Amino acid sequence: MRDPFESHAPDHDPLLKDLTAPQREAVLLTEGPLLVLAAAGSGKTRVITRRIAHLIRMGVPAWSILALTFTNKAAGEMRQRVTTLLGEGRHTRGLTVSTFHALCARLLRKYADIANLPGLKPDFAIYDTSDQTSLLKRVIADMSLSTSNWPPRSVLSAISNAKNEMLTAEAFAARATDFYSRSISRIYTAYEKALRNAGAVDFDDLLLLTATMLERSREVRDDCHRRWQYLLIDEYQDTNRAQFKIASLLVGLPEPLPGEDQDSRGPNVCVVGDPDQAIYGWRGADISNILDFEQNYPAARVVTLGENFRSTAPILAAADTLIRNNQRRKHKDLFTSTPGGEKPLVVTARDEQHEAVLVTDFLRRTRQESESPLGWRDMAVFYRTNSLSRVMEDALRSAGIPYTIARGTSFFEREEVRNALAYLRVVANPADDVSLARIINTPSRGIGDTSVERVQTLASTSGTPLLEAMRSASEIADLSARARSSIASFVAMIDGWTGAGTFMGSQISSSLSDLVERVIRESGLEAHYLALSKAGKSEADLERPENLSELVSSARQFENEFDPDSDPAFFPGADAARDGRLAPIPPLLAMLRAYLESIALVADADAVDPEQGSVTLMTLHAAKGLEFKAVAIIGLEEGLLPHSRAQTSDAELEEERRLFFVGITRAMRHLQISSSRYRTIRGIPERTIQSRFIEELPREHVRFSDQADLMADADPFGDDAFVDELPTSRHGAGQRTGTPATLRQSDPAQGRAAGTLTAGSLVRHPQFGEGKVLSVTGGMGARATVQFKSVGTKTLVLQYARLSRIG
DNA sequence: TAACAGGCAGTTTTT
DNA sequence: CTGCCTGTTA
């Protein structure tokens with residue numbers, strides 16, 4: 001057995017010399033199960049990459065190492081850093097650094113033929129959320145159910161949850177007892193059937209089917225065991241049940257395989273994560289996976305990386321004190337060896353506009369005062385929900401501060417790109433009905449809904465894919481002549497691109513980018529979007545032709561970089577024989593499929609990459625994994641953080657707290673946390689309650705500053721001008737434009753009802769309807785507690801609430 | 001077949 | 001107040 005501790009003197013070893021003692025341990029404990037609890041900012045990526053490099057240097061063949069991540073970005077970064085350490089070439093050859101989903105896709109394609117998974121063909125397409133939604137809509141409609149009773153979104157999330165829990169349609173049916181879940185179960189079953197008919201799987205299937213395959217097939221499992229001896233999983237706190245299963249099966253757990261010489265220490269699985277940063281429970285991640293790792297692997301060793309190299313002591317203290325309020329966690333002592341630093345500032349604003357101004361002030365001030373000058377790119381603003389970004393944008397714009405929002409539809413999600421891709425997907429997979437339905441009349445070519453309906457009926461009665469049914473469109477009696485000829489030329493167009501499925505012949509494109517270009521031009525998409533752009537209606541329309549050319553470039557780039565040998569499922573030497581089993585597919589088709597898959601599994605084309613010189617705005621979720629010199633977190637209010645939809649259980653509340661924790665720990669040197677006393681939610685200004693998390697911050701390490709009452713000078717109309725007065729509800733135009741600003745304007749008529757409102761008065765609210773006043777408070781920010789007939793008791797600020805007295 | 005009005009709901013997001 | 005979906009109308 002190799003003994004790394006003897007063979008290398010740590011202080012002279014380039015892989016170890018700049019590591020702390022626990023970091024070294026995490027690198028050197030290569031054998032047996034290992035849990036690395038990596039606190040925020042503890043140098044996690046550095047440790048992982050060193051560990052991989054160390055393994056290889058110790059003589060472990062690179063191809064026997066498998067590192068799994070959640071995002072392509074993380075995988076790419078890890079791969080990059082390992083190559084930097086070891087250099088390109090034979091040392092790193094065959095090293096697999098992949099996302100869970102990409103690995104699963106490869107394994108499923110490779111083993112589909114021997115895995116005996118019903119309906120799964122090796123050339124399956126991967127459906128994303130919008131594909132799933134349109135398929136599901138059709139399924140629901142075909143079952144004569146209404147999409148208003150069965151909203152695709154929620155049905156889909158029910159199905160997704162089931163798959164994350166490893167519940168197949170049959171398993172789900174078995175435990176469905178009540179009417180609701182039995183209906184969901186029927187839809188689930190039909191949806192699965194439709195997916196398989198379309199030759200497709202969804203994202204969740206990639207995991208579920210892989211887990212099932214590994215579970216059922218000894219042969220597949222053995223193949224994987226033979227190849228991968230060292231498994232490493234990043235962000236382990238975010239794994240769901242299916243991923244846990246896959247990991248276990250890949251390393252040979254739960255039961256050691258009989259007759260196999262199992263190391264008494266257990267498999268070489270190293271998981272890295274931080275329970276305090278688990279913020280994806282709502283999409284199936286199960287924090288127990290990491291919390292129970294030591295139970296699942298009794299021989300596991302645990303290394304805690306608690307030293308923080310990112311934040312100042314007061315910021316760390318704030319994060320630490322906050323997160324100690326969570327029960328379900330593994331405590332880590334967070335510490336930094338660099339003392340000093342500015343205390344985080346907790347400010348209270350009057351309303352969201354004011355809050356946004358306080359943020360721009362903070363950013364400007366920090367930029368100037370900081371001893372080493374900060375650029376806008378070193379700063380970020382975080383919020384719980386995307387809707388909070390708008391006010392922030394307005395304020396930044398009028399302050400002349402450049403900003404970028406880390407969100408927005410990614411390149412591959414834009415309408416025109418999705419349409420072009422739908423064409424390509426039909427070319428790659430003629431059975432892909434969802435894509436076909438999308439493009440059959442895009443741009444419009446005289447095949448209307450009724451015509452599509454009729455062909456679809458033929459398709460489902462004869463059990464053939466839609467495109468096949470279209471070929472026999474002439475047999476459909478009640479199809480108009482026009483539709484008939486349109487359909488014929490549509491089919492001819494597709495056949496022209498594919499050489500009727502052969503991908504052979506002189507007319508057929510020989511390169512991927514040629515094909516993409518041809519499809520965009522001949523489909524009429526190019527002309528369509530060019531015309532739209534000329535019309536120049538919206539900004540988005542102007543960019544569309546450009547995006548289509550961009551797609552051609554992306555295909556060209558893929559073509560140049562495509563390496564058919566870099567397949568993580570490729571097993572060197574061991575199973576060359578099996579590869580002969582599959583009929584050879586035309587090279588262009590192979591490349592097209594690889595291209596489409598690379599797109600399907602890469603969501604964030606323009607990911608969170610702070611543009612040069614601009615402040616980054618993003619949700620707290622998107623902030624994970626990043627760091628900024630200065631951070632502002634806004635909207636620390638009950639209902640927002642913790643979010644109103646996440647207060648039903650302790651588990652949810654703790655996740656909200658972790659979200660705040662993640663936000664705080666992104667900040668390196670400057671941090672401002674803000675709440676606002678009033679906030680306009682869906683057009684209605686409301687009094688807010690400060691987030692309970694503010695109370696959980698350590699008084700001695702943060703500075704509090706209530707700015708809400710100091711605004712009188714800045715806002716001549718605001719604040720105490722009319723606090724005692726109740727604006728009467730104004731009917732007609734006045735009410736529609738009744739923003740807080742206009743209500744606050746000096747209008748004597750407005751104050752007439754003031755004082756007339758007392759406990760017992762009957763009132764009407766434009767949103768909540770009729771209610772009875774229970775109590776009234778006067779003075780600053782006068783408010784009334786009202787018992788509404790329909791929505792219960794609410795406390796309303798008289799200054800803002802458009803209450804009218806009715807008795 | 002497309003454009004438009006009206007109704008309704010309204011976290012977080014990767015693959 | 002928004003955006004999305006549905007159903008209706010020219």
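Within every chain, numbering begins at 1; the chains are lettered A, B, ... in the order of the sequence lines, protein sequences first and strands thereafter. This structure is a prediction, so every number in the text was calculated from the model and none was measured.
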Answer with base, sugar-phosphate or nothing: what part of the nucleic acid does [X] contact at a heavy-atom distance below 4.0 Å?
X        : result
A/Ile447 : sugar-phosphate
A/Ala646 : base
A/Ser444 : sugar-phosphate
A/Glu656 : base

Can you tell me the distance, in whole Å, between the [atom1] atom of [X] and the [atom2] atom of [N]?
X        : N      : atom1 : atom2 : value
A/Arg679 : C/dC1  : CZ    : P     : 18 Å
A/Asp128 : B/dT15 : CG    : P     : 12 Å
A/Ile684 : C/dC1  : CD1   : P     : 9 Å
A/Asp205 : B/dT15 : CG    : C1'   : 12 Å
A/Asp238 : B/dT14 : CG    : C1'   : 10 Å
A/Glu235 : B/dT15 : CD    : P     : 12 Å
A/Arg682 : B/dG10 : CZ    : P     : 8 Å
A/Arg153 : B/dT13 : CZ    : C1'   : 12 Å

Is [X] salt-bridged to [Y], going by a charged N under 4.0 Å from an acidic O?
X        : Y        : result
A/Asp128 : A/Arg418 : yes
A/Lys624 : A/Glu235 : yes
A/Glu597 : A/Arg109 : yes
A/Arg241 : A/Glu165 : yes

Can you check whether A/Thr129 has a side-chain N or O nearer than 4.0 Å to OP1 or OP2 of B/dT15? no

Short side-chain N/O contact from A/Asn386 to OP1 or OP2 of B/dT13, under 4.0 Å: yes

Walking DNA chain B from its 5' end, the first of A/Leu620 and A/Ser451 to be reached, judged by nearest nucleotide, is A/Ser451

Is the charged tip of A/Arg687 near the ring of A/Tyr678: under 6.0 Å from the six-membered ring centre and within 45° of its axis? yes

Hey, does the Lys NZ or Arg CZ of A/Arg283 hover above the aromatic six-ring of A/Tyr280, less than 6.0 Å from the centre and inside 45° of the axis? yes

Has A/His621 got its ring stacked on the base of B/dT12, with centres under 5.5 Å and planes less than 30° apart? no

Determine whether the aromatic ring of A/Phe203 stacks with the base of B/dT14, defined as ring centroids separated by less than 5.5 Å and ring planes inclined by less than 30°. no

Could you list, one pair per line, each protein nitrogen or oxygen that sits under 3.5 Å from a nitrogen or oxygen of nucleotides 7-9 of chain B, together with the distance?
none

Are side-chain heavy atoms of [X] and [Y] found at a separation under 4.5 Å?
X        : Y        : result
A/Ile673 : A/Phe382 : no
A/Tyr188 : A/Leu136 : no
A/Ile246 : A/Cys104 : yes

Between [options], which nucleotide gets closest to the side-chain atoms of [X]?
X        : options                : value
A/Thr99  : B/dT15, B/dT1, B/dT13  : B/dT15
A/His643 : B/dT1, B/dT15, B/dT11  : B/dT11
A/Arg384 : B/dT13, B/dT11, B/dA2  : B/dT11
A/Asn72  : B/dT11, B/dT14, B/dT15 : B/dT15

Pairwise C1' distance, B/dT12 and C/dC5 [rounded to whole Å]: 23 Å

Please report the distance separating the P of C/dC4 from the corresponding atom of B/dT13, rounded so that it comes out in whole Å. 15 Å

Going by the glycosidic torsion and a 90 degree boundary from 0, is the base of B/dT12 oriented syn or anti? anti

Quick test: give all pairs of protein nitrogen or oxygen and nucleotides 4-10 of chain C nitrogen or oxygen below 3.5 Å, distance rounded to 0.1 Å.
from	atom 1	to	atom 2	distance (Å)
C/dT6	OP1	A/Thr147	OG1	3.1

Work out which heavy atom in A/Met392 is nearest to a heavy atom in A/Ala356; give both atom names and the distance. CE-O, 3.7 Å

Who pairs with A/Tyr191 by side-chain hydrogen bond (donor to acceptor under 3.5 Å, both in side chains), at least two apart in sequence or on another chain? A/Gln132, A/Asp202

